[in-house]
Amino acid sequence: MSYDKIRTLVPPKAWKHIKATWGTVPTYAMRLEKIRQMMTGLFRYERIECHDKYGLEIQQYTELLLQEAIKYGPRHKPTMETVDFYMIEKDLVHKTFKLFVPRFARFEPPYTKIHFIPTQNREIKRVLLELKGNPFPPVEPRPLDRKGSLVNILLAEAKRDYVRQKVKAESAKEESRDAPVEEPVEATQAKETTEAIKEE
Amino acid sequence: MALSRKFALRMAGVDITRITARKESILASKAAKTVLQKDIKDIEKIPPLRPGSEIPASYKYIYPEFLASTDMVRRNTLCEKLVRLDMLKRRTVLSIPEFYPGSIMAVTISDPNAPNKLSRFVGICICRGGNGLNAFIILRNVVDGLGVEIMYNLYNPTVREIQVLRLERRLDDQLFYLRDCAPEHSTVPFDLDVTPHPTGVAVPLNETVLKLNPHPWKTRWELYHFRGITFDPKELPLGRAKQLEKALQPHEWVKFDIMKKYRNQIVLEDQEEMFKDIYQFNNARLEKRRSRR
């Protein structure tokens, strides 16, 4: 099996610095157990709050797992085993293949988003990790629609006026340029008319 | 879900820091067999590196030095590109043939202290490593009953010629265990004739299994899972036999750690970029030869 490139905003430095140890026996396998528990939480609630060193790492694991599930599907044996390993509650295996895979087939990677939460102590960094397309209200504030405010209306009108004046000035310039080319024609016409009057 | 008892015990009991890294041979693996055992005559049958790409999958084994290091922190795409161009420039002057660890080679370098200002060394290629301009090989030979190992940087400007006297593969990627085998396995006469490898034939796999000398050894070969050696586990010292049992236990969590697998490999998208230059270089050479004819 080969993976595609992960496209996240996680800096590559974080990959080395995160050495999560947890439990009474801090081993590599215990670390994987912790990741597994947090992944089930993420897939259950679609948005979790955690310490940044866990969040940044779990994001990468979820990206790869979803990538693999979309690429190979449920009938591929090794992918099914990995999904079965990471989902401790087994109803989430159905959720990944029936709900997440058709949802994320529409999105372009990355499938997850991470937000740093403000904390009282600056040394502690907490993080909000979420799957895209979740039912909760968005974390980032929506850009407000302020077209209706008085200042914006006045500014828009001022802009329009400025553009109108410019167009007028340009058209006037063009007329003035075109005028000397038309003068001789008018002059000949005038001469003809004067001659005609004289003949009469 | 509760863990199965086997799995939970294994997780709690084993201290992984004690166990050394396991080395699985890449060149004798199943993936390499599908690529390398086929003859070059049916080059169209060699699978591509990635579905839909021109580059054959055999480039992974023939030109491993063109791949960048897997350390993401130290990687720089522009630097890698410039290094690759430098390597191709060197290859226009010096021909670096196809070889694998286990094949017998001869390297001549310019040496001001040697007679005729040239020194030539013949030996078995034990190891091949490094990436970019730092690519190196290690040759081993026994001269007058003394084991000699010399490391050569392939792209060093002092290197005059690189010859392959006998082309073959072994069961392992690294043959450092020859230090603890009988010296007859690593002796090569300096005036060995070249047995030219016929074009269009697959590289043969040498499946000799060597027996290690009795204890003590230079390093603990039993922990590395080499395929090309045998030894009696009863002859090991007391403490080591227990540790060997621990080391032989399969770790089931390794299979599921996807990020670990991802960090230790280079993604196929990147591999395709790295091999693009050498592929065009080889094609241009072939066309030149054809036009001369």
Side-chain angles (χ1 to χ4, degrees), chain A residues 1-8 10-37 39-40 56-69 71 77-93, chain B residues 1-4 6-22 30-31 47-53 57 60 67-77 246 249-274:
Chain A
M1 266 191 311
S2 62
Y3 306 109
D4 292 340
K5 213 173 185 180
I6 301 180
R7 288 176 185 81
T8 50
V10 181
K13 256 195 174 180
W15 295 19
K16 226 181 180 184
H17 283 284
I18 300 162
K19 284 176 183 172
T21 52
W22 172 81
T24 53
V25 187
T27 57
Y28 201 92
M30 272 312 196
R31 181 181 151 284
L32 204 70
E33 172 65 22
K34 178 70 181 171
I35 287 165
R36 203 173 146 202
Q37 287 175 5
M39 285 258 280
T40 47
L56 287 167
E57 196 151 25
I58 288 158
Q59 191 192 15
Q60 296 165 17
Y61 275 87
T62 45
E63 287 287 339
L64 271 185
L65 193 77
L66 287 170
Q67 210 179 79
E68 210 178 318
K71 201 176 180 184
K77 206 176 178 183
T79 54
M80 193 66 199
E81 280 176 0
T82 46
V83 173
D84 189 54
F85 175 77
Y86 280 107
M87 301 294 106
I88 296 172
E89 295 161 1
K90 293 300 163 196
D91 57 326
L92 290 173
V93 178
Chain B
M1 187 209 80
L3 287 168
S4 65
K6 250 187 182 178
F7 195 76
L9 275 174
R10 210 157 279 161
M11 275 174 144
V14 177
D15 187 7
I16 282 139
T17 53
R18 278 191 176 186
I19 297 164
T20 46
R22 297 165 180 223
K30 275 185 186 177
L49 193 74
R50 198 179 159 209
S53 73
K60 236 191 291 180
L67 290 173
S69 68
T70 51
D71 193 357
M72 281 295 291
V73 180
R74 294 182 180 183
R75 271 183 66 180
N76 185 4
T77 46
K246 244 181 207 177
Q249 282 175 353
H251 297 301
E252 285 154 8
W253 53 268
V254 172
K255 196 171 68 180
F256 299 119
D257 197 347
I258 24 180
M259 271 317 286
K260 195 187 179 187
K261 221 188 287 176
Y262 180 84
R263 281 169 200 162
N264 289 329
Q265 71 173 10
I266 290 175
V267 189
L268 288 176
E269 284 176 51
D270 290 354
Q271 276 190 30
E272 209 176 341
E273 268 193 22
M274 289 163 190

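We name chains A, B, ... by the order of the sequence lines, and we start the count at 1 in each one. Hydrogens, waters and symmetry mates play no part in the numbers below; they use all other heavy atoms, side chains included.
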Novice: Taking atom CD of A:Glu68 and atom OH of B:Tyr262, what is their separation to the nearest 0.5 Å?
Specialist: 12.5 Å
Novice: Dump the intermediate steps for side chain to side chain contact (heavy atoms under 4.5 Å, CB included) on B:Arg263 and A:Gln60, then the final yes or no.
Specialist: CA-CA 11 Å; B:Arg263 281 169 200 162; A:Gln60 296 165 17; 3.4 Å; yes
Novice: Is there a side chain to side chain contact (heavy atoms under 4.5 Å, CB included) between B:Phe256 and A:Glu81? Walk through the geometry before answering.
Specialist: CA-CA 8 Å; B:Phe256 299 119; A:Glu81 280 176 0; 4.2 Å; yes
Novice: Please report the interatomic distance CZ(A:Arg36) to CG(B:Asp257), rounded to the nearest 0.5 Å.
Specialist: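 Rounded to the nearest 0.5 Å, the CZ-CG separation comes out at 12.5 Å.
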Novice: What's the shortest heavy-atom distance between A:Lys5 and B:Val267, and which atoms?
Specialist: N-CG1, 3.7 Å
Novice: Can you say whether A:Leu65 sits under 4.5 Å from chain B via the side chain, the backbone, both, or neither, judging by heavy atoms?
Specialist: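 For A:Leu65, the contact with chain B is made by backbone and side chain together.
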Novice: Rounded to the nearest 0.5 Å, how far does CE of B:Met259 lie from CD1 of A:Ile58?
Specialist: 12.5 Å
